[in-house]
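Pasting a structure below so you can have a look.
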Amino acid sequence: MLPTPAPPQPTAASPVPSSEPSLEARLAAIEAAMTIRLEVAAVAHEVRTAHIPTEPLDLDDVVTLPLTPALTPPPASYPTPVAALLQHAHHRLLTGGWCTGALVDTDGARCLLGAIRIEARGDHSLEAGAVAALLDTIRRQFGEADSVPSFNDDPAHRDGRAPLRILRQAADLAHAREL
């Protein structure tokens, strides 16, 4: 019979079994605990702030106009006539001002329809196409609107940011439709 070998003796290079978890295991446990705490805090924040009414913010309404819009050169025109008309009306409102309640106020500022009319230069079919594209853009963003003047005179528009943005978007829409 052969003698049985003795069990190997632990050396400095061999790992010693330990009941303490490794660094990786401890870090994973801490990460799991922090994830749970963050999820609980997020739910608690939503519950605490659920009663606060919020309105979505459109960044185009936050961005301010240039300080000297009259010094800005007119933009390059779209190649399609209705889109170019809407773009020129947009530029007119930027440089001349926007008003509500009248086609033109005493300072020379114009409403949306007033800017389109002056830029159409008497071409009623071009004006009608521009107003139709503008009304379509308004309805896409704000739902049902009776007319361009009713949108322009809406008390929610304290300044001209939303009407100017809609006019620019209408020019983009008319260009996309090749109007």
Side-chain angles (χ1 to χ4, degrees), residues 39 41-179:
E39 288 173 354
V43 169
H45 174 73
E46 285 184 25
V47 168
R48 283 192 304 268
T49 59
H51 70 284
I52 301 172
T54 58
E55 215 172 285
L57 180 64
D58 190 349
L59 290 181
D60 286 337
D61 290 338
V62 175
V63 177
T64 60
L65 300 173
L67 293 176
T68 56
L71 300 178
T72 59
S77 291
Y78 283 108
T80 57
V82 171
L85 169 65
L86 289 166
Q87 185 178 27
H88 290 298
H90 177 264
H91 185 70
R92 180 171 291 273
L93 290 182
L94 275 176
T95 57
W98 169 80
C99 72
T100 182
L103 287 175
V104 183
D105 72 2
T106 56
D107 296 330
R110 297 181 177 274
C111 71
L112 290 170
L113 188 58
I116 290 172
R117 278 209 179 134
I118 195 71
E119 290 298 329
R121 297 183 185 359
D123 187 341
H124 297 295
S125 64
L126 187 60
E127 179 184 332
V131 169
L134 180 58
L135 188 58
D136 187 32
T137 305
I138 291 168
R139 287 179 176 161
R140 284 174 177 231
Q141 279 217 342
F142 294 97
E144 279 303 311
D146 296 332
S147 64
V148 171
S150 69
F151 172 78
N152 186 83
D153 296 343
D154 188 342
H157 310 305
R158 290 167 288 195
D159 54 22
R161 289 185 184 147
L164 279 166
R165 179 174 38 86
I166 287 294
L167 196 55
R168 188 182 69 240
Q169 291 172 355
D172 293 338
L173 178 68
H175 176 66
R177 291 180 176 173
E178 297 181 4
L179 298 176

Note: Asp136-Arg140 ion pair, threshold 4.0 Å (strictly below)
yes
Spatial distance of atom CG (Asp159) from atom OG1 (Thr100) [nearest 0.5 Å]:
11.5 Å
Side chains of Pro79 and Glu178 in contact at under 4.5 Å (non-hydrogen atoms):
no
The reported gap from CZ in Arg168 to CG in Leu94 (rounded to nearest 0.5 angstrom) is 9.0 Å
Here the gap from Gln169 atom CD to Leu164 atom CG, rounded to the nearest 0.5 Å, amounts to 11.0 Å
Can you give me the closest heavy-atom contact between Ala171 and Tyr78, atom names plus distance?
CB-CE1, 3.7 Å
Between Leu167 and Ala89, what is the shortest heavy-atom contact and its length?
CD2-C, 3.6 Å
Looking only at heavy atoms, the pair that brings Arg165 and Phe142 closest together is NH2-CZ, 4.3 Å
On a heavy-atom basis, the closest approach of Ala130 and Leu85 is CB-CD2, 3.4 Å
Using modelled atom types only, decide if a donor and an acceptor are shared between the side chain of Asp153 and the backbone of Gly101 within a distance under 3.5 Å.
yes
Heavy atoms of Ala133 and Val82 approach each other most closely as CB-CG1, 4.5 Å
When rounded to the nearest 0.5 Å, the distance separating OG1 of Thr137 from CG of Leu86 is 8.0 Å
How long is the straight-line distance from CG of Leu93 back to NE2 of His91, given to the nearest 0.5 Å?
10.5 Å
Nearest non-hydrogen partners of Ser150 and Ser147, listed with the distance
OG-O, 2.8 Å
Can you list, pair by pair, the side-chain donor-acceptor contacts under 3.5 Å of residues 106-119, counting residues two or more places apart and other chains?
from, atom 1, to, atom 2, distance (Å)
Arg117, NE, Glu127, OE2, 2.8
Glu119, OE2, Arg92, NE, 2.6
Glu119, OE2, Arg92, NH2, 3.0

Is Gln141 reaching over with its side chain to a backbone N or O of Ile166, donor-acceptor style, under 3.5 angstrom?
no
